[in-house]
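First comes the structure, then the notes that go with it.
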Number of protein chains: 2
Amino acid sequence: MTRPNALKLETFLPYRLSVVSNLVSDVIATAYERLFALKIPEWRLIAVIAESDGITQQNIGAKTRMDKVTVSRAAIALIDRTLIERRPNPDDGRSHRLYLTATGRILYEQVAPKALELEARIFAAFDTEQLVSFGQMLARIEQAALEAGEVS
Amino acid sequence: MTRPNALKLETFLPYRLSVVSNLVSDVIATAYERLFALKIPEWRLIAVIAESDGITQQNIGAKTRMDKVTVSRAAIALIDRTLIERRPNPDDGRSHRLYLTATGRILYEQVAPKALELEARIFAAFDTEQLVSFGQMLARIEQAALEAGEVS
DNA sequence: GCATTATGGTTTCAAATGATACTGGATTAT
DNA sequence: ATAATCCAGTATCATTTGAAACCATAATGC
């Protein structure tokens, strides 16, 4: 008897994608926790703020697709550790602008190379062209998923 | 001032991988919840059991990398809905063998095509060759992440 | 201007997740 | 055989996560 719709989980791409992504996230989360006592949302904030000094939480959420609650909590945690600071936003009294402190910048300068090194190790097997193509595929998958999702 | 280590989050692959994967998972989880009232771990169990009748929870965990707690909970939920059933394992009294019930098989026969259709929609932009290459890259990334992780 | 509605951010609550401890059956050593 | 250890699966607990309520300020309609 042949099954009419063979759904082999091992070859089902959404499943594979999820498994591999979770594994990678886990490896990275463990490393960051151990090296810098940073959770993933926290180091993402650091990275984004380092890139875009003075950004608001709202914009961080839009950029990273992190929930605003997650962003808020990460921000508070980083402020407590004086890795970032808030200054009033002259354009909007509800929000504030986020900046790395000196300490935060020093930390960032340690985190960034470690992050890139870890990425390099995980993606070492591929040449530049493959990496570019992989990144492009991710972008197109993202686009398609967004469209598939909004149809509901 | 030039930043010595440009870590552009948008081009940082582990980050991109995580964002896209979460998005895809989310779209799929929403669809399954709406169509079949199944959570992701639950339909994974259904899919695995449909593939490997009589498998134990332990083996499901190994196959899918799901935590044994997750597997246990999903199994109990499916048993409550009489979508799967347990029979004693003659080889080992601690575990049991899992089977789809008739109802479960009927459900599976609805789920599988929907799953494949959803996958097709999300990955529609690619030709077969690209999909194969994408899957191979995932496999190699998985392998590298495992190695990077165990060094710790 | 004042009322209504929208929005940035926080808090609160409920659900999901996974580490740890536990239970009962299996394996190994003596 | 029986003690010691190990392992499948479950229960308990702490942590993480996001939805919804909430607060304060901003924008819009009248």
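All chains are named by letter (A, B, ...) in the order of the sequence lines, taking the proteins before the strands, and each is independently numbered beginning at 1.
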Residue whose nearest DNA chain D nucleotide is more 5′ - A:K39 or A:D92: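 The residue closer to the strand's 5' end, by nearest nucleotide, is A:K39.
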
Which residue lies more 5' along DNA chain D, comparing B:R86 with A:G93 via nearest heavy atoms: B:R86

Search all heavy atoms of [X] against all heavy atoms of [Y] and return the closest pair with its distance.
| X | Y | answer |
| --- | --- | --- |
| A:S25 | A:I40 | O-CD1, 4.1 Å |
| B:S21 | A:L17 | OG-O, 3.7 Å |
| A:P90 | A:R97 | CD-NE, 3.9 Å |
| B:L13 | A:G135 | CD2-CA, 4.2 Å |
| A:A144 | B:R121 | CB-O, 4.2 Å |
| A:L98 | A:I49 | O-CG2, 3.7 Å |

Contact boundaries on DNA chain D for chain A, cut-off under 4.0 Å to non-hydrogen atoms: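 Result: D:dT16 to D:dA26.
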
Interface with DNA chain D, restricted to residues 16-29 of chain A and to heavy atoms under 4.0 Å: none

Pairs satisfying salt bridge (charged side-chain N to carboxylate O under 4.0 Å, His left out), at least one member in residues 122-146 of chain A, at least two apart: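 For residues 122-146 of chain A, and leaving out neighbouring residues, the salt bridge (charged side-chain N to carboxylate O under 4.0 Å, His left out) pairs sorted by first residue read A:R65-A:E142, A:E142-B:R16.
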
Where at least one partner belongs to residues 35-48 of chain B, residue pairs that pass salt bridge (charged side-chain N to carboxylate O under 4.0 Å, His left out), sequence neighbours excluded: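 Residue pairs passing salt bridge (charged side-chain N to carboxylate O under 4.0 Å, His left out), neighbours aside: none found.
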
Bending between helix ends of the helix from C:dG1-D:dC30 to C:dT30-D:dA1 [5 pairs per end, 10° resolution]: 20°

Partners meeting ring pair (Phe, Tyr, Trp, His ring centres under 6.0 Å) with A:F134 (sequence neighbours left out): B:F134

Listed partners of A:Y32 passing ring pair (Phe, Tyr, Trp, His ring centres under 6.0 Å), at least two apart: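 Partners of A:Y32 by the ring pair (Phe, Tyr, Trp, His ring centres under 6.0 Å) criterion, ordered by chain and then number, come out as A:W43.
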
With B:D26 via salt bridge (Lys or Arg N to Asp or Glu O under 4.0 Å) - residues at least two apart: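 Listed in chain order: nothing, the list is empty.
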
Test salt bridge (Lys or Arg N to Asp or Glu O under 4.0 Å) applied to A:K68 - qualifying residues, sequence neighbours left out: none

A:A75 or A:R94, whichever maps to the more 5' nucleotide of DNA chain C: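 Closest to the 5' end, via its nearest nucleotide, is A:R94.
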
Side-chain donor/acceptor of B:T56 to backbone N/O of B:H96, under 3.5 Å: no

Start and end of the DNA chain C segment that chain A contacts, any atom under 4.0 Å from a heavy atom: C:dA6 to C:dT12

Electrostatic pair A:R73:A:D67 at N-O distance under 4.0 angstrom: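 No, A:R73 and A:D67 are not salt-bridged.
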
side-chain contact (heavy atoms from CB on, under 4.5 Å) partners of B:T64, counting only residues at least two apart: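 Listed in chain order: A:L9, A:Y15, B:V48, B:I60, B:M66.
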
Sugar-phosphate, base or nothing in reach of A:N89, heavy atoms under 4.0 Å: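 Result for A:N89 = nothing.
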
Strand-adjacent residues in residues 64-74 of chain A, judged by heavy atoms under 4.0 Å from DNA chain C: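 Listed by number, they are A:K68, A:V69, A:S72, A:R73.
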
